Amino acid sequence: MMEPSTHLRDKYALVGAGHSRLGKVPGVSAQGLLEEAMLNALDDAGLKTQNVDGLICRGPDEIYTFHQVMGERLGIDASFSTTLTNGGASQVMGVALAAMAIDAGMASCVLVGYGRDNWSRVHANKENHMRGSGRPQQMYGMEFGPEFGYYGAIAAHGFGAQRHMHDYGTTREQFGAISVAFRNHALNNPDAVMKKPLTMENYLAGRMIVEPFGLFDCSLQTDGAGAVVVTSAERAKDLRQKPVLIKGFGTGNNISGWFNGNNMTHTGAIQSGKTAYAMAGVGPENIDYAQIYDCFTYMVLVQLEDYGFCRKGEGGEFVASGALGLNGAMPTNTSGGQLSEAHVEGMLQVVEGVRQLQGIYGPERQVPNAEIGLVSGHGGNTVCESTLILGAI
Amino acid sequence: MSDDYAKAIPIPGPESLPFWEGAKNHQLMLQKCSDCAHHWFPPSTVCTGCGSRNIEWVASSGKGKVFSFVIFHKLYHKGWDGEIPYAVAIVELEEGARMLSNVIGIPVEEVKCDLSVEVVFEDATSELTLPKFKPV
């Protein structure tokens with residue numbers, strides 16, 4: 001039986017967080033945006049590129065060994081460095097890997113980041129837009145999909161949403177409660193892309209894209225980047241910000257397939273959360289806020305269940321109860337998330353998770369008395385999950 | 001059958017050729033483990049139930065149920081122009097394997113989880129037949 005190592009608990013810290021300009025940012029590459037975010041994160045920590053000896057990053061999937069591209073552009077040699085290729089689960093996993101690398105003596109100060117120029121690429125030509133993504137067509141596989149008109153992450157996640165609605169009576173109005181809650185958060189975030197209020201009426205009037213998902217179930221198409229700096233909790237004491245401790249982390253990968261067993265209604269978050277809670281020595285009842293990977297509304301609902309914030313099948317009622325608000329039972333995606341702030345594949349969830357514990361916000365955005373937070377990453381087109389539990393010092 | 005077929009043409013991997021050859025002959029082919037009788041899809045070289053290499057291709061009954069489905073209201077590929085909205089489903093076959101296909105022959109509003117369906121073969125081109133599903 002696998003048991004997570006509790007000796008890592010509270011030993012490593014996030015000492016800086018930053019993001020780039022978000023939204024429609026023409027004239028700058030994913031690499032340029034990531035540099036912007038990384039320098040902002042280093043400034044936040046009071047560190048320079050010369051202090052960095054570890055680099056873990058991800059960019060557009062078609063760029064081979066992206067960390068080498070970034071190292072050259074930043075002028076960094078690193079004793080530990082790699083590109084992660086685990087979709088939206090990569091970014092949280094990058095933080096976990098940084099802690100493991102430092103613990104193994106492979107590095108002492110690790111920059112972790114992700115950057116994308118998705119908006120600019122997708123909207124650069126109409127053909128790309130038709131494919132519903134900026135990715136090359138062959139990445140969807142060449143059989144058992146496109147010949148049946150099956151395209152995009154939206155359809156994969158839509159299968160899960162539909163089965164959850166069938167098994168548990170979950171409704172589109174309940175998905176809508178997630179969109180509305182995150183939009184309300186975004187209105188208190190000056191950097192968020194979405195600026196206009198969203199009502200349930202607006203949500204329900206949104207055009208259908210791939211049913212059961214309409215326009216407002218879908219995350220944004222944006223350019224942007226985020227980055228954080230990881231070092232030892234000991235060293236963190238001498239740096240600029242109040243350190244944010246890494247209490248625990250976990251991963252869970254249902255790579256036998258989204259269509260296999262009940263994986264689409266019982267996600268990798270079950271395993272990932274269990275591991276992270278055990279390492280951190282806490283349970284869902286100790287979590288003060290959550291930053292949940294929200295590619296589509298349904299993924300928030302099912303992850304909230306799988307992390308134990310409500311019972312399986314009760315996610316719909318939970319989100320509709322007002323739980324996701326700043327004073328709700330589980331304040332969630334307090335920056336607006338990928339549905340309303342910007343879609344940077346979970347990296348902004350990490351950044352927001354850190355800032356809540358740095359305690360830098362005013363009352364309109366600060367979760368009151370926040371001491372422990374949970375951040376989730378979800379990706380690999382549905383089946384991979386990673387979890388981070390952060391704590392105030 | 002049409003020579004100006006505008007939808008995506010699958011490019012089979014080496015392991016899935018028997019599936020596509022079977023479809024051309026209007027048979028729904030699945031892999032089965034000779035040791036544990038597990039059936040699975042998509043094709044591989046190993047039983048996904050027990051890890052055995054001792055595997056074979058068999059014809060499915062073609063009967064099953066919709067495990068889940070989505071309805072495309074947005075056009076992602078020009079080959080589907082004029083067919084929006086259409087249903088894409090995960091069908092769980094009687095043998096236990098699940099596969100992606102289309103549910104046809106009923107209005108999309110009537111597609112439901114657990115709907116009983118059976119395979120029908122759509123000859124798309126002279127070289128390509130697609131297994132699709134209609135309500136029983």
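The basis for the numbers below is simple: all heavy atoms, side chains too, and nothing from hydrogens, waters or symmetry mates. Predicted, not measured: the structure shown is a model, and the values here were computed from it.
Put simply, the side chain of B:D114 reaches to within 4.5 Å of the side chain of A:R163, judged on heavy atoms. Under the 4.5 Å side-chain criterion, counting only non-hydrogen atoms from C-beta, B:F69 is not in contact with A:E211. Under the 4.5 Å side-chain criterion, counting only non-hydrogen atoms from C-beta, A:F144 is in contact with B:P43. Residues B:H73 and A:R207 have side chains not in contact (no heavy-atom distance under 4.5 Å, counting atoms from C-beta outward).
Note that the CD atom of A:E147 and the OH atom of B:Y5 stand 8.0 Å from one another [nearest 0.5 Å]. Distance CD/B:E92 to CZ/A:F259: 13.0 Å, rounded to 0.5 Å. If you take CD on A:Q162 and CD1 on B:I71, they are separated by 7.0 Å, rounding to the nearest 0.5 Å.
Between chain A and the options B:V66, B:T48, B:I11, B:I9, the largest number of non-hydrogen pairs under 4.5 Å is found for B:I11. The most heavy-atom pairs under 4.5 Å with chain A, out of B:W40, B:F19, B:Y86, come from B:Y86. Taking B:N102, B:L100, B:V108, B:L128 one by one and counting their heavy-atom pairs under 4.5 Å with chain A, the maximum is reached by B:L100. When the candidates B:S68, B:G96, B:P12 are compared by the number of heavy-atom contacts under 4.5 Å with chain A, B:S68 comes out ahead. The greatest number of non-hydrogen atom pairs below 4.5 Å with chain A, out of B:P85, B:A87, B:S16, is found for B:S16.
Heavy atoms of other residues, nucleotides or ligands lying less than 6.0 angstrom from NZ of B:K132 number more than 12. Applying the 6.0 Å contact sphere to CD of A:E201 captures no more than 12 heavy atoms from other residues, nucleotides or ligands. Other residues, nucleotides and ligands contribute at most 12 non-hydrogen atoms within 6.0 Å of the NZ atom of B:K134. Residue-environment remark: NZ (A:K195) exceeds the threshold of 12 foreign heavy atoms within 6.0 Å. For CG of A:L215, the number of neighbouring non-hydrogen atoms (other residues, nucleotides, ligands) closer than 6.0 Å is greater than 12.
When all heavy atoms are compared, the tightest approach of A:G149 to B:V88 is O-CG2, 4.1 Å. Across A:F148 and B:S101, no two heavy atoms sit closer than the pair CE2-OG, 3.6 Å. The shortest non-hydrogen separation linking B:V70 to A:P212 is CG1-CD, 4.3 Å.
Contacts between B:K112 and chain A at a heavy-atom distance below 4.5 Å are absent for every atom of the residue. In this structure, chain A has a heavy atom under 4.5 Å from the backbone of B:A89, while its side chain stays farther away. A:M264 touches chain B through its side chain: at least one heavy atom from C-beta onward sits under 4.5 Å away, while N, CA, C and O do not. Interface remark: A:D167 contributes no atoms to any contact with chain B (heavy atom separation under 4.5 Å).
Looking at A:E143, its side chain does come within 3.5 Å of a backbone N or O of B:G13 through a donor-acceptor pair. Without hydrogens or angle criteria, B:Y76 side chain to A:G152 main chain gives no donor-acceptor distance under 3.5 Å.
Ring geometry for B:H77 against A:Y151 counts as parallel: the plane angle stays under 30°, on a 0 to 90° scale with 60° as the upper cut.
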